[in-house]
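After the structure tokens below, expect a handful of questions from me.
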Number of protein chains: 2
Amino acid sequence: MADKYDCLKLDNQLCFPLYACSKGVVNAYKPYLDEIGLTYTQYIAMMVLWECEEVTSKQLGQRLLLDSGTLTPVLKALESKGFIDRSRSKEDERNLIITLTEKGRALRDEAVKIPSKMAACSNIDPQDAAELYRILRKMMKNF
Amino acid sequence: MADKYDCLKLDNQLCFPLYACSKGVVNAYKPYLDEIGLTYTQYIAMMVLWECEEVTSKQLGQRLLLDSGTLTPVLKALESKGFIDRSRSKEDERNLIITLTEKGRALRDEAVKIPSKMAACSNIDPQDAAELYRILRKMMKNF
DNA sequence: TACAATTAGATTGTACACAATTAAATTGAA
DNA sequence: TTCAATTTAATTGTGTACAATCTAATTGTA
């Protein structure tokens, strides 16, 4: 029954469910993020800012695992929507300092409703969610 | 200690490790896929074809959870590399029939080495991999 | 102190992803 | 049979991702 090509079957891959679920979850966020005018990538960037108030582009990239090629347009979009300010560091002009605007800070009170809405529409059982979190966190250490 | 914004902390999200690991795994494939001239999306498309020999674009999209906007350029790229042929169905001209070329079939013998190379460089423990697979498969049913 | 090496961000190019729209083929109901 | 509704791909537009390169600022060292 088994042949040497079994390892290439889509159903035998771990990468595909991972890839599909990642896309699926990002898509599930879309309707809620649309309401507050953010994309998923912009949302996770704002999460870091709501925690830190001020970070450099470099720090944000390290936290989100994104390089400047991705981050530059994301941050410009957030700036054009008025949620953040982009400015150069006085101490080191190479560093781009990202700060929240008043509007960006205020957005947090809209965003805070999203996690519970997501939980409500996701069918994942809490034990599975905890296991998934544990395994993915462990996996992230290898990158 | 806990405040009402805790649910917005990046470290409290399940979506972020999922998103980060998905990207990480796709990136881990890159060096191996480069050797055989495929991108990750092209690779999973080829997997379906190695199993089926012939599918419509529609069927491929259903299997990979991709729409024509994504699939059309992917299939054109695979065609230009000589791995597949694209032709219209005689019975229903709306359907695009994808078939493997001889070169595409031959590529399978190169690709078959990839899963074990990936397993070797990934540090995931087999129990975790099985659990992860189970949970993600369950999650996929909700999309 | 010069100046090579490093660092941070921006830019360019390629490749998805997906929403919305379009176009052509087919189907189905009056 | 006719023509409106449906179906399938392709196209267009926006927004990531990431490699490679570029530019400017800073750092380390001879």
Side-chain angles (χ1 to χ4, degrees), chain A residues 15-16 18-31 33-34 37-46 55-81 84 86-98 143, chain B residues 15-16 18-31 33-34 37-46 55-81 84 86-98 143:
Chain A
C15 62
F16 180 65
L18 189 58
Y19 157 88
C21 285
S22 173
K23 288 193 305 165
V25 168
V26 168
N27 272 312
Y29 270 100
K30 196 160 292 173
L33 291 176
D34 278 349
L38 294 179
T39 64
Y40 181 74
T41 313
Q42 291 164 12
Y43 176 57
I44 58 175
M46 290 301 290
V55 285
T56 64
S57 177
K58 174 77 175 173
Q59 291 167 329
L60 197 53
Q62 285 169 340
R63 194 91 167 80
L64 301 180
L65 308 176
L66 294 172
D67 70 3
S68 71
T70 303
L71 224 38
T72 296
V74 169
L75 294 175
K76 285 183 177 174
L78 285 173
E79 182 185 43
S80 80
K81 291 177 201 184
I84 64 166
R86 291 160 72 251
S87 64
R88 292 287 166 175
S89 165
K90 290 285 178 293
E91 296 83 47
D92 187 340
E93 288 276 344
R94 290 172 303 183
N95 287 301
L96 186 70
I97 309 282
I98 313 299
F143 303 141
Chain B
C15 61
F16 180 66
L18 189 58
Y19 157 87
C21 285
S22 173
K23 287 194 306 166
V25 168
V26 169
N27 272 313
Y29 270 100
K30 195 160 291 171
L33 291 176
D34 278 349
L38 293 179
T39 64
Y40 180 75
T41 314
Q42 291 164 14
Y43 176 57
I44 58 175
M46 290 301 290
V55 284
T56 65
S57 177
K58 174 77 175 173
Q59 290 168 330
L60 196 53
Q62 285 170 341
R63 193 93 168 78
L64 301 179
L65 307 176
L66 294 173
D67 70 3
S68 71
T70 302
L71 224 38
T72 296
V74 168
L75 294 176
K76 284 184 177 175
L78 285 173
E79 183 186 41
S80 80
K81 292 177 200 185
I84 64 165
R86 291 160 70 252
S87 63
R88 292 288 167 174
S89 165
K90 290 286 178 294
E91 296 83 48
D92 187 340
E93 289 276 343
R94 288 172 305 183
N95 287 301
L96 186 70
I97 310 281
I98 312 299
F143 303 141

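Convention: sequence-line order gives letters A, B, ...; per-chain numbering from 1.
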| request: Five pairs at each end of the helix from C:dT1-D:dA30 to C:dA30-D:dT1: take the axis at both ends and give me the angle between them to 10°. | output: 0°
| message | Just to be sure I understand the rule, does B:T39 reach a base, reach only the sugar-phosphate, or reach nothing, if contact means heavy atoms closer than 4.0 Å? | response | sugar-phosphate
| query | A:I84 and A:I98: which non-hydrogen atoms are nearest, and at how many Å? | reply | CD1-CG2, 3.7 Å
| message | What's B:D67 touching, base or sugar-phosphate or nothing? Going by heavy atoms closer than 4.0 Å. | response | base
| request: Specify the separation, in whole Å, of atom CG of A:L66 and atom C1' of C:dA8. | output: 16 Å
| remark: A:Y19 OH to D:dA17 P, in whole Å, measures 12 Å
| Which pair of non-hydrogen atoms, one from A:P73 and one from A:G69, has the smallest distance, and what is that distance? | CD-O, 3.3 Å
| remark: On DNA chain C, more 5' by nearest nucleotide between B:I44 and A:R86 is A:R86
| request: Assign A:L65 to base, sugar-phosphate, or nothing according to its heavy-atom contacts below 4.0 angstrom with the strands shown. | output: sugar-phosphate
| request: Report yes or no: does A:K81 contribute a side-chain atom to a donor-acceptor pair with the main-chain N or O of A:G37 at less than 3.5 Å? | output: yes
| Is B:V74 touching bases, backbone alone, or none of the nucleic acid, heavy atoms closer than 4.0 Å? | sugar-phosphate
| message | So A:T56 and A:S89, do their side chains get closer than 4.5 Å, heavy atoms only? | response | no
Can you tabulate the close N/O pairs, meaning under 3.5 Å, that link protein atoms to atoms of nucleotides 24-28 of chain D?
unit_1 : atom_1 : unit_2 : atom_2 : d
D:dT26 : OP1    : A:E93  : N      : 3.1

| query | Does A:V25 reach the side chain of B:F143, with side-chain heavy atoms less than 4.5 Å apart? | reply | yes
| request: Using the side chain to side chain contact (heavy atoms under 4.5 Å, CB included) rule, take B:R86 and B:I97 through it: C-alpha gap first, then chi angles, then the decisive distance, then the call. | output: CA-CA 6 Å; B:R86 291 160 70 252; B:I97 310 281; over 6 Å; no
| query | Taking NZ from B:K30 and P from D:dA20, how many angstroms apart are they, rounded to a whole number? | reply | 10 Å
| query | The side chain of A:T70 lies closest to which of these nucleotides: D:dT8, D:dC18, C:dG9? | reply | D:dC18
| task | Output yes when at least one side-chain N/O atom of B:N95 is less than 4.0 Å from OP1 or OP2 of D:dT7, else no. | result | no
| query | Quick one: B:L78 CG to C:dT14 C1', roughly how many Å, whole number? | reply | 15 Å
| field | Side-chain N or O of B:N27 closer than 4.0 Å to phosphate OP1/OP2 of D:dC18 | value | yes
| request: Starting at atom CG of A:L33, determine the distance to atom P of D:dT16, rounded to an integer number of angstrom. | output: 11 Å
| Side-chain N or O of B:R88 less than 4.0 angstrom from OP1 or OP2 on D:dA10? | yes
| message | Holding to ring-ring contact (aromatic ring centres under 6.0 Å, His included), I want the full list of residues that pass it with A:Y43, two or more places apart in sequence or in another chain. | response | A:Y29
| query | Would a 4.5 Å heavy-atom cut-off, applied to side chains only, mark A:L18 and B:C21 as touching? | reply | yes
| task | Choose from C:dA17, C:dA8, D:dA17 the nucleotide whose nearest atom is closest to any side-chain atom of B:K23. | result | D:dA17
| message | Is there a side chain to side chain contact (heavy atoms under 4.5 Å, CB included) between A:L66 and B:K23? Walk through the geometry before answering. | response | CA-CA 10 Å; A:L66 294 172; B:K23 287 194 306 166; 3.1 Å; yes
| request: Remember a base hit wins even if backbone is also touched, and classify B:T41 as base, sugar-phosphate or nothing at under 4.0 Å, heavy atoms. | output: sugar-phosphate
| request: For B:Q42 and C:dC16, give me the distance from atom CD to atom P, rounded to whole Å. | output: 5 Å
| Spacing of B:K76 atom NZ relative to C:dT14 atom P, expressed in whole Å | 17 Å
| message | Whole angstroms only, please: what is the NZ-C1' distance between A:K58 and C:dT6? | response | 11 Å
| message | Classify B:S68 by what it touches in the nucleic acid, base, sugar-phosphate, or nothing, heavy-atom distance under 4.0 Å. | response | base
| task | Determine the minimum heavy-atom distance between B:L75 and B:S57, stating which atoms define it. | result | CD1-OG, 3.9 Å
